[in-house]
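Values below: every heavy atom of this structure, side chains too, minus hydrogens, waters and symmetry copies. Counting starts at 1 for both ligands and their atoms, following the listed order. Numbers here are sequence positions counted from 1.
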Amino acid sequence: MNKKLIKEVKSSFKEHFKGKPHVVFSPGRINLIGEHTDYNEGLVFPAAINKGITLAINKSDANVCVVYALNKDEIHEFELKDKQPLENGSWRNYVLGVVTEIQKRGIEIESFNAVFAGNIPEGAGLSSSAALENAFVFGLNELFELGLSKKDMILISQKAEHTYAGVKCGIMDQYTSMFGVKKSALLLDCRTMESHTYKIDFKDYKWILVNTNVKHNLSESAYNDRRAVCEDVSSRLRINALRDATEEKLETIKAAITDEDYQKALYVIEENQRVKAFSKAIEEDDTETLGKLLYQSHEGLSKHYKVSCPELDFLVDIAKKNPNILGARMMGGGFGGCTINLVKKSKVAAFKEEVSDKFLLKFNNACSVYHIKLSAGTRVAK
Ligand code: GLA
């Protein structure tokens with residue numbers, strides 16, 4: 001599938017521009033568990049997937065950068081000295097943001113031509129934006145031999161998201177897209193930015209995504225609001241981040257904060273503990289426990305952190321009633337996108353039929369079911 005994508009991007013580049021481009025593939029990600037813990041300097045358990053963005057990029061002789069978004073058939077031209085974020089700029093802002101954040105480090109680049117295309121469904125919570133940012137920072141690093149490390153690159157990508165897309169995201173998406181390992185998930189400590197690689201191979205079960213195909217408004221401001229609550233609670237607790245909080249400590253300020261904020265902070269503390277329990281269960285090949293932790297994570301995200309929506313809750317409820325599903329939860333920022341489900345391999349087709357029928361009946365809209373493979377991170381594409 002990605003071979004086809006790479007071929008299309010290369011041939012589109014040839015059609016529009018001169019010279020032999022550098023070609024890069026940058027994947028999207030899933031997250032097994034550890035949601036909304038990254039910006040609390042906590043633990044997450046994500047993996048890069050076999051869907052992503054391909055970028056072909058080369059130097060330009062002109063004074064202008066030209067970027068062609070092949071899927072959308074849209075072009076954006078800009079000069080390196082003129083890159084204000086655009087209103088409703090969508091993909092353009094990620095490109096402009098990456099270029100600006102590179103320059104802010106005092107690094108000089110020249111004009112370039114680029115074509116990109118992807119196969120990550122948009123709004124699915126699979127981090128197409130991190131894949132795009134990483135594709136550009138990686139491609140520019142190759143093209144102009146900037147000597148940036150992968151860690152530098154993901155910090156540039158994350159900054160681009162903060163300043164040009166206005167989402168104060170953590171580091172999970174950019175890290176995973178850059179550092180992903182084939183057939184593996186990464187237990188990432190978002191404080192130290194060190195990860196441990198876990199090979200993921202359950203004999204009888206596999207990960208299946210179900211996309212609600214909805215993305216509710218306000219998801220970005222709601223995301224930033226959650227982050228602000230966490231920061232407020234940690235400053236009241238006089239700690240750097242909720243990573244350092246305990247339930248006992250939180251109790252000491254319970255009277256001083258709203259019950260809603262208390263529940264949110266408690267969710268973060270518990271989710272961090274769940275990530276630890278999850279990695280232990282993987283080491284012990286204890287799939288039953290993995291499943292339970294997934295359902296608990298969803299419960300917390302939905303009832304306490306309040307980032308779910310009726311469509312996601314509905315899908316998780318279906319999974320709960322089905323004995324062939326060990327666990328399920330909403331994945332990513334929330335308010336739409338996908339659920340991740342741990343499904344018995346021999347029952348995947350039946351599950352697909354069940355969720356598709358029930359979802360359509362309930363919402364009068366189709367959901368989509370994806371099979372994914374855990375894959376390597378951002379790389380030069382052959
Ligand atoms: C989005 C953000 C991530 C992370 C998740 C929630 O994907 O980009 O940094 O916070 O939401 O876990």
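For atom 8 (O) of ligand 1, the closest non-hydrogen atom of the protein is Asp173 OD2, 2.6 Å. Of all protein heavy atoms, the one closest to atom 5 (C) of ligand 1 is Met172 CE, 3.8 Å. Counting only heavy atoms of the protein, atom 3 (C) of ligand 1 lies nearest to Asp38 OD2, 3.3 Å.
Ring planes of Tyr305 and Tyr267: tilted class, angle from 30 to 60°.
Across all non-hydrogen atoms, the minimal contact from Ala376 to Pro27 is O-CG, 3.4 Å.
His371 and Lys206 share a donor-acceptor pair across their side chains, judged by distance under 3.5 Å alone.
Those atoms of ligand 1 with a heavy atom of Arg29 less than 4.0 angstrom away are 7 (O).
Electrostatic pairing of Glu231 and Arg227 counts as a salt bridge here, judged by a charged N lying under 4.0 Å from a carboxylate O. Salt bridge status for Glu74 with Arg92: present, with a side-chain N to carboxylate O gap under 4.0 Å.
Ligand 1 does not have Gln174 within reach: every non-hydrogen atom of the residue lies 4.0 Å or more from it.
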| request: Please test Phe112 against Phe17 for side-chain contact (heavy atoms from CB on, under 4.5 Å), starting from the C-alpha separation and ending with a verdict. | output: CA-CA 10 Å; Phe112 58 86; Phe17 305 113; over 6 Å; no
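In this structure, of Tyr223, Tyr175, Tyr39, the residue bringing a heavy atom nearest to atom 2 (C) of ligand 1 is Tyr223.
Of the heavy atoms in Lys168, none comes closer than 4.0 Å to ligand 1.
Note: an N/O pair closer than 3.5 Å links Gly170 and ligand 1 by distance alone.
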